[in-house]
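Note that the structure is predicted; figures quoted are calculated from it, not measured.
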Amino acid sequence: MITTEKESELSFDREGWKGWYESQPNEYDYWIENIEGEVPPELKGTLFRNGPGLFDINGQRLHHPFDGDGMVCAIAFDQGRVHFRNRFVRTEGYLKEKKAVKILYRGVFGTQKPGGLWANIFDIKLKNIANTHVVYWGGKLLAMWDAAEHYQLDPKTLETLGKDDPDGIWAKGHFSKTHSRIDLSCDQDGGVPCLVSFTIKLGLLNSKITIHEQAPDGKLRRSYSHTVPGFTLPPGQLFRFTLNLADATVQQQRLSERCCEFPCVHPNHVGRPYRYVYMGVAHNPTGNAPLQAIAKFDVTTGEEQVWSAAPQGFVSEPIFVPHPDAKREDEGWVLTLVYDSSHHRSDVVILDGRDLSHGAIARLHLKHHIPYGLHGSWTSTVF
């Protein structure tokens, strides 16, 4: 584990951290030339990332970063060369506010349009900001937000093609599709892939969880509902739940006390037995703090490896990409975007999935910063 500071000390500078939450109004399209290390030639495909790109509209600050308009990044790897592109999702609300040069919509996380209480209290119309996840699924690149339908993008240019909701289910806003997972071989459908998402309805005494399975053509295949006692789990730590189908019991175990988010596993092990989990974590082993490190946790031995970008770096969700000739579950690369507050720019960092302590295999310096992001995905297709 790479660590340099005492647990009692902050591992970051607050002013540097704030730079991560500055708007990025520009759209770019270029080959990344400023590279430390060497990009593995076997790493071939496209990393897509989504997150809020604007935290203000003409100087009017949004109340919360999660209310920002979605900006999708595409980072394409091919024979050691890497290309970067980013574009805003041209939702109806984004285009209207860009033309009006002011805030026109309330936000889910507290943003108010001008006019005070009476201009907002009876206005229930929300803007689809398409800012939470992006998935290449069923031959389509889909930008997602929980409260409305998807927007389809051209995977090569990131041009917005329009809304995509073949079954009319996503517009209802009942699905947590932004935290979906792809089952690459669904047993119930003869090995055909399916997109698994969920809904959580919270109550005072119990919570209702509904699992949804969607076909590659966008059709809803199945839904299952389960009721669990309690309101929810304490946030920010790694837990593992073991379900005994024979006696219908559930056991929970906290695997790590370190503050964490964005867990991921080998794509072929989603919904199946796995040994390794990768996640964004705080630099210090205890306490709540921004994510500045990437951790690998072995659920068999309990061993934990940590690569840290502190004190100047802040990490995004890690994505594990298997090596094309892998013989082990952890043989591959971990990709993440890191905000470097010392240069006010972002880096694409490539780590060795077998041993994070070796440090970065390559660090690709962008020409600008990418604001705090949410979720992303990988496809082996080079766009």
Side-chain angles (χ1 to χ4, degrees), residues 18-28 48-73 86-135 140-154 158-180 197 199-202 316-317 369-376:
K18 286 169 59 176
W20 204 13
Y21 294 89
E22 290 185 10
S23 293
Q24 176 53 271
N26 302 310
E27 295 177 321
Y28 298 91
F48 292 107
R49 298 283 310 157
N50 197 359
L54 291 178
F55 302 123
D56 70 282
I57 298 177
N58 194 32
Q60 303 172 59
R61 189 76 177 177
L62 303 182
H63 183 76
H64 194 283
F66 287 0
D67 283 336
D69 290 291
M71 184 182 74
V72 172
C73 300
N86 72 303
R87 291 199 73 177
F88 282 93
V89 185
R90 264 65 173 179
T91 65
E92 293 177 2
Y94 170 85
L95 294 174
K96 288 181 179 179
E97 288 186 328
K98 192 173 182 63
K99 183 178 180 179
V101 201
K102 64 179 181 180
I103 296 175
L104 299 177
Y105 300 86
R106 294 189 307 110
V108 172
F109 292 92
T111 297
Q112 303 283 292
K113 63 183 183 181
L117 176 65
W118 296 110
N120 289 272
I121 191 170
F122 298 114
D123 187 355
I124 62 173
K125 187 176 181 180
L126 299 174
K127 178 175 61 169
N128 182 346
I129 46 182
N131 73 354
T132 313
H133 199 6
V134 58
V135 174
K140 299 177 180 179
L141 184 63
L142 303 174
M144 300 175 170
W145 184 56
D146 275 339
E149 60 271 79
H150 309 316
Y151 268 85
Q152 183 182 353
L153 311 178
D154 185 315
L158 300 184
E159 177 188 358
T160 302
L161 303 179
K163 296 179 180 179
D164 183 84
D165 193 9
D167 250 2
I169 58 175
W170 306 118
K172 300 174 184 178
H174 294 163
F175 294 71
S176 183
K177 50 196 174 289
T178 60
H179 297 88
S180 57
S197 57
T199 304
I200 297 180
K201 292 186 177 180
L202 303 177
S316 64
E317 175 189 54
H369 86 291
I370 299 296
Y372 171 85
L374 294 169
H375 298 287

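- With Q152 contributing its side chain and K140 its backbone, the two residues share no donor-acceptor pair below 3.5 Å.
- Residue Y94 forms a ring pair (Phe, Tyr, Trp, His ring centres under 6.0 Å) with just one option from Y105, Y151, F88, and that option is F88.
- By the side-chain hydrogen bond (donor to acceptor under 3.5 Å, both in side chains) test, Y28 pairs with N26, sequence neighbours left out.
- Looking only at distances, a side-chain donor or acceptor of E97 sits under 3.5 Å from a matching main-chain atom of L104.
- A pairwise comparison of heavy atoms in I370 and C73 identifies CD1-SG, 3.8 Å as the closest pair.
- Using modelled atom types, one side-chain atom of H369 and one backbone atom of E22 make a donor-acceptor pair closer than 3.5 Å.
- How far CG of L374 is from CD of E317: 8.5 Å, rounded to the nearest 0.5 Å.
- Contact check on E159 versus R90 returns no salt bridge, with no Lys/Arg side-chain nitrogen under 4.0 Å from an Asp/Glu carboxylate oxygen.
- The backbone N or O of W145 sits nowhere less than 3.5 Å from a side-chain atom of T132 that would complete a donor-acceptor pair.
- Judged by distance alone, the side chains of N128 and T91 never bring a donor and an acceptor atom under 3.5 Å apart.
- Using a 4.5 Å heavy-atom cutoff, the side chains of V134 and L141 are in contact.
- Across every non-hydrogen atom of P371 and P52, the tightest pair is CB-O, 3.7 Å.
- Contact detail for D56 and N58: the closest heavy-atom pair is OD2-N, 3.9 Å.
- Judged by distance alone, the side chain of N50 and the main-chain N or O of H133 form a donor-acceptor pair under 3.5 Å.
- Panel note: side chain D69, backbone L54; no donor-acceptor pair is recorded below 3.5 Å.
- N131 contributes atom CG, which lies 8.5 Å from atom CG of D67 (distance to the nearest 0.5 angstrom).
- The shortest heavy-atom contact between A130 and A143 is O-CB, 4.0 Å.
- Scanning both residues, H375 and R49, for their nearest heavy atoms gives C-NH1, 3.5 Å.
- Residues I129 and F66 approach most closely at CD1-O, 3.3 Å, considering heavy atoms.
- For the atom pair E92 CD and T160 OG1, the distance stands at 11.5 Å (nearest 0.5 Å).
- Atom-to-atom distance recorded for R87:CZ and L153:CG is 9.0 Å, nearest 0.5 angstrom.
- Ring pair F55/Y21 is tilted by interplanar angle, where 30° to 60° counts as tilted.
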